[in-house]
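For this chain, numbers begin at 1 and follow the sequence in order.
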Amino acid sequence: LYFFFFLWKMERDTFDKWEIAEVFGFGIKVVDRDLTEMRKHDEFSNYVYNPSKKRVCIELVGYKKFLRYKDSLRKKKL
């Protein structure tokens, strides 16, 4: 049953930060830190939006692109 619920979630394009943490297996503080950095970066700020004061929506595609960007920065430092 959980597997089918997970597949239903994957058909959506926006998630809240708790769902992003669950999908990627990150802690909520890691996701919060990433969202702060995404909002500051012009290229990724389009993928995070707040429809109300307490809600945040993150586009899954944008979060994946952000993780790839962070990975490329880390590899450049090596």
Report task. State whether Glu37 and Lys70 are salt-bridged, where the test is any N-O pair (Lys NZ or Arg NE/NH1/NH2 against Asp/Glu carboxylate O) under 4.0 Å. Result -> yes

Report summary line: Using a 4.5 Å side-chain heavy-atom cut-off and chaining through intermediate ILVMFWY residues, the residues clustered with Trp18 come out as Ile28

Report summary line: One should read off an interatomic distance between Ile58 CD1 and Thr14 OG1, to the nearest 0.5 angstrom, of 8.5 Å

Report task. Determine yes or no for a side-chain-to-main-chain donor-acceptor pair under 3.5 angstrom, with Asn50 supplying the side chain and Lys53 the backbone. Result -> no

Query raised in the report: Leu67 and Asp34: which non-hydrogen atoms are nearest, and at how many Å?
Result: CD2-OD2, 4.1 Å

Query raised in the report: Arg68: what forms a side-chain contact (heavy atoms from CB on, under 4.5 Å) with it, not counting sequence neighbours?
Result: Lys64

Report task. Any chance you could lay out the salt bridge (charged side-chain N to carboxylate O under 4.0 Å, His left out) test for Lys29 and Asp32, step after step, and finish with the verdict? Result -> CA-CA 5 Å; Lys29 291 191 179 206; Asp32 279 336; over 6 Å; no

Query raised in the report: Hey, would you say the Phe24 and Tyr63 ring centroids sit under 6.0 Å apart?
Result: yes

Report task. Determine whether the aromatic ring centres of Tyr69 and His41 lie less than 6.0 Å apart. Result -> yes

Requested in this report: For residues Asn46 and Asp42, report the shortest heavy-atom separation together with the two atoms involved.
Outcome: OD1-O, 4.1 Å

Report task. State, with a plain yes or no, whether a side-chain heavy atom of Val48 is found less than 4.5 Å away from one of Val56. Result -> yes

**Report entry** Test salt bridge (Lys or Arg N to Asp or Glu O under 4.0 Å) applied to Lys40 - qualifying residues, sequence neighbours left out
**Finding:** none

Query raised in the report: Any idea which heavy atoms bring Tyr47 and Met38 closest together, and the distance?
Result: CB-CE, 4.0 Å

**Report entry** Distance-minimising heavy-atom pair for Lys17 and Leu35
**Finding:** CB-CD1, 3.9 Å

